[in-house]
Amino acid sequence: MVSFNSKSYSKRLLHLISWSHWFTFINIIAAIGLSSFYLFSESAPETIFGQAYLLTTWISHMGFLTFMSFVLILFPLTLLFPQTKFIRTTASIIFTIELLLLILDAFIYNRLGYHLNASSSEQIITLIANQIDHNRRSFWFVSIVLCLLILSFEFVVSNYAWKHLKQLQKTVFARFFVLVLVVSFVFSHITHIWADANLEYDILRQDTVFPLSYPSTAKTLLTKYGMFNQSDYIERRTSPLSFTQAIPPYPQLDTMGDDPCLNADLEDNLLKDKAQKQTDQNNQTLKNQQSVFIVLSKALLSEEQIEQFSQRAQGSTLTLNHHIDNALPTDAWFNLFYGLPSIYQKEILQQKTSPLLFQAIDKLGLAKTFTVISDNKSNNNRNKDETNVVNTQYWFESLFDQKIELSDISSLIFPDKLNKAKPGLHLIYFDQNATYQFELFIDALLLAQKQKTLGDIVWIGSIGNEKEETRLSKKSAMLILPSLTRSDKRIVKNKRITLLTSQMDLQSTLLENWLSCKIPSNKYSNGSNVSTIKQNRIIANTVKHGIMVFNKDKSVFIDQNGNFQSYSTQLQTPIMINADFPLMIDGVHFIKQFSNNNKVTDH
C-alpha cells in the first residue's frame with residue numbers, strides 16, 4: 001500500500017513538473033512578444049553589433065526573467081502542494097500577474113524613462129492617477145479587458161499543455177528555441193563585458209531598456225538623454241553639461257496672436273453678465289495700478305526670519321518652506337528671470353530676447369526699476385554727494401528702465417516714497433553678507449503697505465549660493481498676494497507651502513497673479529504658479545560639474561563621473577545613498593521640459 005502511494009505521488013509530481021515546464025515555456029514566448037513594447041520606446045542602435053546585442057538581450061533577458069518565476073515560485077509550490085487543480089490555477093494567476101506587470105512596466109518606461117521601483121513610487125502613482133482622471137471609464141475598461149484576456153489565455157494554455165503533454169514532449173522545435181535562448185544569453189553577457197571595457201556607447205546606452213537589467217552609469221544616462229557630448233564620453237573626457245541638440249528659440253509675446261495678457265479674460269467675459277464684466281474691468285484697472293516688489297538678499301534667510309515677516313505682513317501670505325535655489329549668483333539670476341535651468345543660459349542670452357514677464361510689462365507700459373544696496377563703495381565718486389553710490393555691473397541691467405545703486409537704505413525707508421513708486425516691477429537686491437539693513441527695509445515696506453488701499457505683491461527671499469555646501473539645502477521665501485475684492489480668485493489663506501518651490505516659479509506666478517496672462521507656463525518656463533501647486537514634484541538644475549535633483553525627502557548631486565552625493569531634508573545633514581537613477585531621470589526630464597515642449601522643427 002505504501003509503495004503504491006509512493007508511485008502514485010511520484011507519478012503525479014513528475015507529471016505536474018513536466019506540465020509546468022511546458023506552461024512556463026509558452027509564457028516565455030508570450031513575455032518576449034509583449035516586451036517588444038520596450039523596443040519601440042527607444043531609438044534603434046546605429047551599429048550592426050548594437051542591433052545584434054539588442055536582439056539577443058531582448059530574447060535572453062525576458063526568457064530568463066520568466067523562467068525565474070518558475071524556479072522561485074511555481075516549482076517550490078509544486079513540490080509542497082502537488083495538487084493538480086491548485087497548481088494549475090495558481091500558475092495561471094502567477095503568470096497573469098507577471099504579464100500584467102510587464103505591460104504596466106512598459107507603459108511606465110515609455111512615459112517616465114525608468115521601470116517600476118520603490119524610490120519613484122510617488123511619480124508612478126501620480127502618472128496612473130492622471131490617466132484615471134483623464135478618462136476613468138476608458139482606463140478601467142482597458143484594464144479589466146486586459147486582465148480577462150490574459151487570464152483566459154493562461155487558462156487555455158494551461159488546459160492545452162495538460163491535455164497534450166505527451167505530444168508536446170515529442171516536439172523538436174522547443175530544443176532549438178532553448179538553444180537560441182542559451183546562446184543569446186551567453187552572447188549578450190560577453191558583448192556587454194567587452195562594451196563596458198571599451199566604452200561602446202551604442203551597447204551601453206541599452207542598459208536601462210529592459211526591467212532588472214544591467215545598472216547604468218550617470219554619464220551614460222546623461223549622454224543618452226542628450227546632455228553630454230557623445231564623443232567626449234567615448235574618449236573618456238570630462239566636459240561641462242550641454243544640450244547636444246539645438247535649443248528652441250525663446251518665445252516672444254508679439255508672436256502669440258491676440259495678446260494673452262491684454263485679452264486674458266475675453267472668452268470668459270462672453271459668458272458673464274454686465275455687472276460681472278464691470279467688476280472684472282475694475283479689477284483689471286486696479287491690477288494695472290499695482291506694483292510688484294521683489295526683495296532679495298545675498299545672505300541666506302532663515303525660516304525664523306521669514307516667519308517674522310509673515311506675521312507683520314498684510315494680506316494673504318504664502319510661506320515657502322521648501323524653496324530651491326542651488327545655483328551660483330550669476331546663474332541664479334537667470335533661473336529667476338527666465339524660469340529655466342542654468343544649462344539654457346548661454347544659448348538663451350545669445351538670442352537677446354527678454355523674459356516673457358518683461359515683455360508683458362513693456363506691453364502694458366509699466367515701470368521696471370532695479371535697486372542694489374551694497375557695502376562696496378566706488379572709487380570713482382567725485383563729489384561728496386555721491387558717497388553712497390556703488391559701481392557694480394549685472395548682466396541683466398538692460399532689462400530695467402532704471403538702476404539705482406546705494407550703500408544704505410536711508411533714502412528708501414520712508415512710506416511716502418515707497419507708496420509713490422510708479423506701478424510696475426521693482427527689484428531691490430541687498431548685496432551684503434549681513435541682513436540687518438535687509439530686515440529694516442522689509443519692516444518699512446510692510447508698514448508702508450498697510451497705508452495703501454490696494455496692497456502690492458511682494459516676493460521676499462535670498463538668491464545665489466556663495467558656498468557650494470549650501471546648494472543642496474532648501475531655503476525659505478515668502479510671497480504676499482493681496483486680494484483685489486472679496487470675489488478675487490487669487491485669495492488664498494495664510495499658509496505654509498511644504499511642497500517644493502523654486503526660483504524658476506517666480507515668472508509664472510507673477511504673469512498669472514499680477515498681469516493675468518493666460519499662457520501655459522511650460523511654453524516659456526520650467527516653473528509653476530506657486531499659489532496653485534497641489535502635488536509634489538521633482539525639481540532639478542545643472543551646475544558646472546553635474547546635475548542637482550530635489551524631491552520632498554532629499555536632494556542629490558550627481559557629478560559627471562557618476563558619484564552621488566545626497567542631503568537629507570529631514571535630518572538636515574549629508575547622507576550616503578546608492579545610485580538613484582530613477583530620481584536622476586526625473587531630474588533630466590524636468591531640465592528638458594522647455595526643450596521638449598518647444599521642439600525645433602526642421603523645414
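Numbering starts at 1 and runs along the sequence shown.
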Derivation of the salt bridge (charged side-chain N to carboxylate O under 4.0 Å, His left out) call for Arg537 and Asp505: CA-CA 13 Å; Arg537 55 180 177 159; Asp505 294 326; 2.5 Å; yes
Please report the closest heavy-atom contact between [X] and [Y], naming both atoms and the distance.
X      : Y      : result
Asn465 : Asp325 : ND2-O, 2.7 Å
Ala31  : Thr66  : CB-OG1, 3.4 Å
Leu168 : Thr171 : O-OG1, 2.5 Å
Ile28  : Gly63  : CG2-CA, 3.7 Å
Ile32  : Ile59  : CD1-O, 3.8 Å
Gln359 : Gln252 : OE1-CA, 3.3 Å

Distance in Å, [X] [atom1] paired with [Y] [atom2], rounded so as to fall on 0.5 Å steps:
X      : Y      : atom1 : atom2 : answer
Ile132 : Ser138 : CD1   : OG    : 11.5 Å
Asp586 : Ser119 : CG    : OG    : 8.5 Å
Lys554 : Asp580 : NZ    : CG    : 4.0 Å
Ile558 : Leu583 : CD1   : CG    : 6.5 Å
Ile591 : Asn596 : CD1   : CG    : 11.5 Å
Asp431 : Lys298 : CG    : NZ    : 4.5 Å

Tell me whether the rings of Phe23 and Trp19 are parallel (<30°), tilted (30 to 60°) or perpendicular (>60°).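 The rings of Phe23 and Trp19 lie parallel, inter-plane angle below 30°.
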Would you say the ring centroid of [X] lies under 6.0 angstrom from that of [Y]?
X      : Y      : value
Phe358 : Phe337 : yes
Phe25  : Phe70  : no
Tyr38  : His115 : yes
Tyr53  : Trp194 : no

Donor-acceptor pair, side chain of [X] and main chain of [Y], under 3.5 angstrom:
X      : Y      : answer
Thr57  : Leu54  : no
His322 : Leu499 : no
Asn198 : Glu200 : no
Asn335 : Leu340 : yes
Glu42  : Val209 : no
Tyr344 : Ser595 : yes
Asp202 : Thr47  : yes
Gln503 : Ala332 : no
Asn598 : Tyr250 : no
Asn597 : Lys523 : no

A side-chain contact here means heavy atoms from C-beta on lying under 4.5 Å apart; do [X] and [Y] qualify?
X      : Y      : result
Ser476 : Leu301 : no
Leu300 : Lys475 : yes
Tyr524 : Ile519 : yes
Phe557 : Val543 : yes
Trp459 : Leu296 : yes
Lys474 : Ile324 : yes
Met504 : Phe590 : yes
Leu212 : Leu65  : yes

Mind running side-chain hydrogen bond (donor to acceptor under 3.5 Å, both in side chains) on Glu154 and Thr96 for me, showing each step along the way? CA-CA 7 Å; Glu154 296 295 340; Thr96 297; 4.7 Å; no
So Trp333 and Tyr429, ring-ring contact (aromatic ring centres under 6.0 Å, His included) or not? Walk me through it. CA-CA 11 Å; Trp333 288 109; Tyr429 173 53; 5.0 Å; yes
Step-by-step side chain to side chain contact (heavy atoms under 4.5 Å, CB included) determination, Thr191 to Thr56: CA-CA 10 Å; Thr191 302; Thr56 54; over 6 Å; no
So for atom [atom1], which belongs to [X], do other residues, nucleotides or ligands contribute more than 12 heavy atoms lying within a distance under 6.0 Å?
X      : atom1 : value
Ile48  : CD1   : no
Phe139 : CZ    : yes
Phe49  : CZ    : yes
Trp140 : CH2   : no

Show the numbers, then the answer: is there a side chain to side chain contact (heavy atoms under 4.5 Å, CB included) between Phe95 and Leu74? CA-CA 10 Å; Phe95 282 110; Leu74 186 56; 4.0 Å; yes
Give a yes-or-no answer on whether the side chains of [X] and [Y] include a donor-acceptor pair shorter than 3.5 Å.
X      : Y      : answer
Glu98  : Ser69  : yes
Thr330 : Trp395 : no
Ser18  : Gln169 : yes
Asn321 : Thr498 : no

Test log, rule salt bridge (charged side-chain N to carboxylate O under 4.0 Å, His left out), inputs Arg205 and Glu46: CA-CA 11 Å; Arg205 75 183 182 92; Glu46 298 176 357; 5.8 Å; no
Begin from the C-alpha positions of Thr501 and His323 and carry the test side-chain hydrogen bond (donor to acceptor under 3.5 Å, both in side chains) through to its verdict. CA-CA 5 Å; Thr501 59; His323 194 65; 2.9 Å; yes
Would you check, one step at a time, whether the test side chain to side chain contact (heavy atoms under 4.5 Å, CB included) holds for Leu112 with Leu127? CA-CA 9 Å; Leu112 300 179; Leu127 174 64; 3.9 Å; yes
Using the side-chain hydrogen bond (donor to acceptor under 3.5 Å, both in side chains) rule, take His192 and Asp207 through it: C-alpha gap first, then chi angles, then the decisive distance, then the call. CA-CA 9 Å; His192 191 276; Asp207 283 350; 2.8 Å; yes
Just do the side chain to side chain contact (heavy atoms under 4.5 Å, CB included) check on Phe64 and Leu181 with the steps written out, would you? CA-CA 8 Å; Phe64 176 78; Leu181 287 176; over 6 Å; no
